[in-house]
Amino acid sequence: MADETVRTAFIEIQGRMIETTGKLKQVQIQLRNKEAEKKRAYLTLEELKQLAEDTNTYKSIGRTFILEPKSVLMEEQEQKFKDSETAISSLQTSKEYLEKQMAETENNLRELLQQDPALARQIMALSV
């Protein structure tokens, strides 16, 4: 009876660990994408700042380019930059939370394996 309970607990912890790992990878990918978006907006802003006010600037919409005033393009890039910063801070918080959850799950798994050395031997036998 106790052996079955330990196995069930192990499977549950293993499932949580797999789920948390997947979520953490997803957040890391989103974080990289937002950082790239932020950098692109910053670089575009820097290039726009160097242009004279009367310079023709164009906005890309799909395959089409539309004439837009420089000020409109700068506002859009500034907004993208701010939105990216907000998203990055939110994703950082999520990442920290998931990392704490992962550490807690790892500790639970360690404790479980220390309590039942027979289960640890069975798992090691399966992985070899």
Side-chain angles (χ1 to χ4, degrees):
M1 183 71 173
D3 191 41
E4 188 63 34
T5 306
V6 172
R7 287 178 192 268
T8 305
F10 174 76
I11 291 171
E12 181 183 320
I13 291 172
Q14 186 181 29
R16 271 191 279 155
M17 186 170 242
I18 291 169
E19 181 183 343
T20 305
T21 302
K23 288 179 181 178
L24 186 60
K25 286 180 181 179
Q26 190 176 32
V27 166
Q28 288 171 335
I29 289 169
Q30 289 174 343
L31 196 57
R32 276 195 301 270
N33 289 342
K34 286 297 178 183
E35 286 172 349
E37 186 179 307
K38 177 183 170 185
K39 185 174 183 178
R40 197 174 311 113
Y42 173 77
L43 292 173
T44 303
L45 262 174
E46 290 301 310
E47 290 298 319
L48 285 172
K49 286 178 183 176
Q50 296 174 13
L51 299 175
E53 286 299 321
D54 61 339
T55 305
N56 288 338
T57 53
Y58 295 87
K59 177 180 178 179
S60 171
I61 300 178
R63 293 185 187 183
T64 308
F65 292 93
I66 298 175
L67 181 64
E68 290 278 352
K70 176 184 166 186
S71 60
V72 171
L73 291 178
M74 288 191 66
E75 287 175 16
E76 286 177 1
Q77 294 304 316
E78 287 171 354
Q79 188 61 43
K80 280 183 185 178
F81 186 80
K82 289 176 186 174
D83 291 346
S84 294
E85 283 185 327
T86 304
I88 287 170
S89 66
S90 173
L91 288 168
Q92 281 287 15
T93 304
S94 296
K95 180 182 172 189
E96 291 169 5
Y97 172 75
L98 289 170
E99 286 172 343
K100 287 178 186 176
Q101 221 178 15
M102 185 74 150
E104 184 180 312
T105 305
E106 286 174 355
N107 287 336
N108 291 343
L109 186 60
R110 262 191 220 101
E111 289 176 13
L112 183 67
L113 292 176
Q114 287 174 352
Q115 289 174 359
D116 192 355
L119 179 64
R121 282 192 294 275
Q122 286 177 349
I123 293 170
M124 292 304 291
L126 291 174
S127 65
V128 173

Quiz item: Is it true that atom OH of Y42 has more than 12 heavy atoms of other residues, nucleotides or ligands lying nearer than 6.0 Å?
Solution: no

Any chance you could measure [X], atom [atom1], to [Y], atom [atom2], to the nearest 0.5 Å?
{"X": "I13", "Y": "N108", "atom1": "CD1", "atom2": "CG", "result": "5.0 Å"}
{"X": "E104", "Y": "M102", "atom1": "CD", "atom2": "CE", "result": "12.5 Å"}
{"X": "E35", "Y": "L31", "atom1": "CD", "atom2": "CG", "result": "4.5 Å"}
{"X": "M74", "Y": "T44", "atom1": "CE", "atom2": "OG1", "result": "11.0 Å"}
{"X": "L51", "Y": "K49", "atom1": "CG", "atom2": "NZ", "result": "12.0 Å"}
{"X": "T57", "Y": "L73", "atom1": "OG1", "atom2": "CG", "result": "4.5 Å"}

Any side-chain heavy-atom pair from [X] and [Y] closer than 4.5 angstrom?
{"X": "Q101", "Y": "K23", "result": "no"}
{"X": "Q92", "Y": "K95", "result": "yes"}
{"X": "L43", "Y": "E47", "result": "no"}
{"X": "F10", "Y": "L109", "result": "yes"}

Exercise. Check whether I66 and Y58 end up in the same hydrophobic cluster, where Ile, Leu, Val, Met, Phe, Trp and Tyr are linked by side-chain heavy atoms less than 4.5 Å apart.
Key: no

Quiz item: For the residue pair F81 and A41, what are the closest heavy atoms and their distance?
Solution: N-CB, 4.0 Å

Quiz prompt | Atom of L112, atom of A9 and distance for their closest heavy-atom approach | solution = CD2-C, 4.0 Å

With a 3.5 Å cut-off and sequence neighbours excluded, list the donor-acceptor pairs that the side chains of residues 82-91 form with protein atoms.
unit_1, atom_1, unit_2, atom_2, d
D83, OD1, Q79, NE2, 2.9
S84, OG, E37, OE2, 3.3
S84, OG, K80, O, 2.9
T86, OG1, K82, O, 3.0
S89, OG, T86, O, 2.8

